[in-house]
Amino acid sequence: MQIPFPPLSRLIIALICFLSVVPDTPAADASASHHTFAIGTNDFLLDGAKFQIRCGEVHAARVPREYWRNRLQLAKAMGLNTVCAYLFWNQIEFQPGQFDWSGQADVMEFCRIAQQEGLWVILRPGPYACAEWDGGGLPWWLLKYDDIKLRTRDPRFLQAATNYLAEVAKQFAPLQITHGGPILMVQVENEYGSYGNDSEYMGALRQAMLDAGFDVTLFDCNPSYDIKKGQRPDLFPVVNFGADPANGFKSLREVYPQGPQMCGEFYPGWFDTWGSPHHLGKTPQYLADLEYMLTNDESFSIYMAHGGTTFGLWSGADRPFKPDTSSYDYDAPISEAGWPTPKFFLTRELFAKYLLPGETLPEPPATNPVIAIAPIEMSQCAPIFDNLPPAMQDTTPRAMEKYDQGHGCILYRTTVPAGPQRMLEAVAVHDFGFVFLDGVRVGVLDRRSVIYKLLLPERKKPATLDILVEAVGHVNFGPEVYDRKGIQAPVKLGGTELTGWDIFNLPLDDKMLSKLNFRSTATTGPAFWRGMATIENPGDTFLDLSHWGKGVVWVNGHCLGRYWNIGPTETAYLPGCWLHAGENEIVILDLLGPDKPEVTGLEQPILNDLHPEKDFAKSRRPAVKLRLDSSLPVLTAQFAMGGNSQDVKFPAPTTGRYFCLESLSAFDGQPFTAVAELDVLGADAKPLSHEGWTIAYVDSEEREREDGTAENAIDGQTANYWHTQWGAVQPPQPHQLVLDLGKSEIISGFRYVPRQSAGAGRIKDYRIYVGDHLIEK
Ligand code: GLA
């Protein structure tokens, strides 16, 4: 039967209707069609039609590239129409001027797959990203300059950043929607308002991106309480918050009265740090806030929709120094191994109610096979001290970066004379200094507690002193990004400076691993261990590392990340695509030594198993007495109600090493106290750097039911908080938190950020004490 063709006019009308009803997903075949995206008076406009961005964050670097399509299909099936992706400068330009876009860094391919799967893309190239990634993405080699000013118009920084952005544009400009690609918008920097206030710096980056070829909307993101700083009218602003969208968008409207509103980061969970409980989000609140944004035509990006794993040595550290786990599960809707969780299905259900006409949700793709692996004996050993590279000589130890190394470990060796027990002390050690005398470990210098001294035992004859320093990720947030690794000299013994050192680079890279000499005798010292696993049908698994101390693990040359037996993570995610049928090599570096040299593959991750008893720092904080009776409060006052950040100025500046906030009551009348963030303002009324800060004393902190650790109040992140115990015990008010600033400071006031998410603990009446004698050791 001959199909009669309708007249031309009807054909054109049908075509237009077809184009207007097809869901506004990027055309799989880029060249086939040309879409437009714009910032409308009230809405985002895609091809001229209102478009609500339902976005989720997925980091290509944190997902094996073989699984990118699977994760993007999951994102689509959850109901997202856009994915947001960071680029990490230091991963792409590991050595100055050498750009590597292969493997996990091939984010262009990630974007192409997103387009093929019907997803738009929002790109966040940096130069600074944060993201619990080493240094927030800033390359280690910038720290070779002693006086560089990071994230400023320091010409050395700006030139390096401009070079990088030009390279980024070369790769990504063709993938912009303006060129038939999926990229709708590109972010300039990241939460700059939480770091600085120089809008010219943001302007310079913006111009560099325009000059390099970006022609889509350029935007910036900030948390609600920092949104005014560094703001520019020529950058589209989005606001980041973890809860309370109404309040978040209210602060956005203060800088952006008219136009589409977007939450650039909406947190369903949070990231984990070693030694603190695993974070679980509050799902009912998360769903309610999402629904609020959906019904109010506000756009959003779920940070993280899928966290994945920070493979390699890329995990960063939270301020002042809380190293991040390699697992970046983030309690996200899509779990670390790519499993759709109950939160995934609840989100999918919710989004299904807000689809555009004609838009449908595909079924989630099949989950990758999961296997268990029987115990593998790690029978071979390569002790570090027997596998050292040629040494460099130096009079005094310098930072790791000065020896052209950005990650891994570094060994500092010298000879100490015979003599009695004496105090060994360094100015600082970033991050853990394992101290050995003639190869026997005598202690650990630990940045977490800022303790950089220990008693070196008596020596009957001259002895070899080794300080094996492990760097566990550059701090990725705040003024502490000047995080040079290694030893800060002088190193003194009994007050006398030790000079004449051998320095050994131990970058833990492929080249170093390829040179290791394994032998089949065990050792007790820091060593690499090797074992072989015969696997018939490869699949995803979780290596149980709970028998091991602290270090890094590799499988078939892929670095799975760091492990540490104090938890909360006790397993390392091993993607099946990195295994092969037959023999598989597992290498484990253990700086402490295993209690049993065996590793097993589990079918489930262990993400929440704390073991403070295994920590080489015997107590999280030295036992001290609080002595408020010997000093008068600097201030007795009442905070304002609500969640806004509050700056409090003292009647007159005062000085002291310790800063004590004593909560006397809460607005909800309950016995609990919670603080999202505390900053201490110096003589210039600006926040002091948290470098070297520790919590000297806290009367109560919840660490069972949630991570209410006191350090959360000084990590610069307002989405987490210190919370007094509310589980097994509920101690009454008053509650005290004492910061040790490391040295006496001039203090003119402080900044208090109340708990952001709804819940107990917002302080009403309080007292402040400042002094050098608030603590008795
Ligand atoms: C900030 C940053 C993100 C990430 C989150 C916490 O808002 O912009 O990169 O660090 O916090 O996960």
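Order of listing sets the numbers, starting from 1, for every ligand and every atom in it.
Protein heavy atom at the shortest distance from atom 7 (O) of ligand 1 is Glu265 OE1, 2.5 Å.
Remark: Glu189 engages Arg151 in a salt bridge, criterion side-chain N to carboxylate O under 4.0 Å. No salt bridge links Asp324 with Lys322; every basic N to acidic carboxylate O contact stays at or beyond 4.0 Å.
In this structure, Tyr192 and Ser194 have side chains that are not in contact, with every pair of non-hydrogen atoms separated by 4.5 Å or more. Residues Glu677 and Tyr721 are not in side-chain contact: their nearest non-hydrogen atoms beyond the backbone lie 4.5 Å or more apart. Residues Val238 and Phe219 form a side-chain contact, since some pair of their non-hydrogen atoms from C-beta on lies under 4.5 Å apart. Put simply, the side chain of Asp244 does not reach to within 4.5 Å of the side chain of Asp289, judged on heavy atoms.
Residue Tyr267 approaches ligand 1 through these ligand atoms, each under 4.0 Å from one of its heavy atoms: 1 (C), 7 (O), 11 (O). The Ala131 neighbourhood of ligand 1 comprises atoms 3 (C), 4 (C), 9 (O), 10 (O), with distances under 4.0 Å to a heavy atom of that residue. Of all atoms in ligand 1, numbered sequentially from 1 with element shown, those under 4.0 Å from a heavy atom of Tyr303 are 3 (C), 4 (C), 9 (O), 12 (O).
Residue contacts with ligand 1, taken as heavy atom pairs separated by less than 4.0 Å, do not involve Asn476 at all. Only the side chain of Phe271 comes within contact range of ligand 1, with a heavy atom under 4.0 Å; no backbone atom does. Residue Tyr328 touches ligand 1 through its side chain alone, judged by heavy-atom distances below 4.0 Å. Within the 4.0 Å heavy-atom criterion, neither part of Cys221 lies near ligand 1.
Remark: distances from the non-hydrogen atoms of Ala129 to ligand 1 include one below 4.0 Å. Remark: distances from the non-hydrogen atoms of Met304 to ligand 1 are all 4.0 Å or more.
Taking any N or O of Glu132, backbone or side chain, at least one lies under 3.5 Å from an N or O belonging to ligand 1.
Atom OH of Tyr328 and atom OG1 of Thr309 lie 12.0 Å apart (nearest 0.5 Å).
Of all non-hydrogen atoms in Asn190 and Ala129, the two that sit nearest each other are ND2-O, 3.1 Å.
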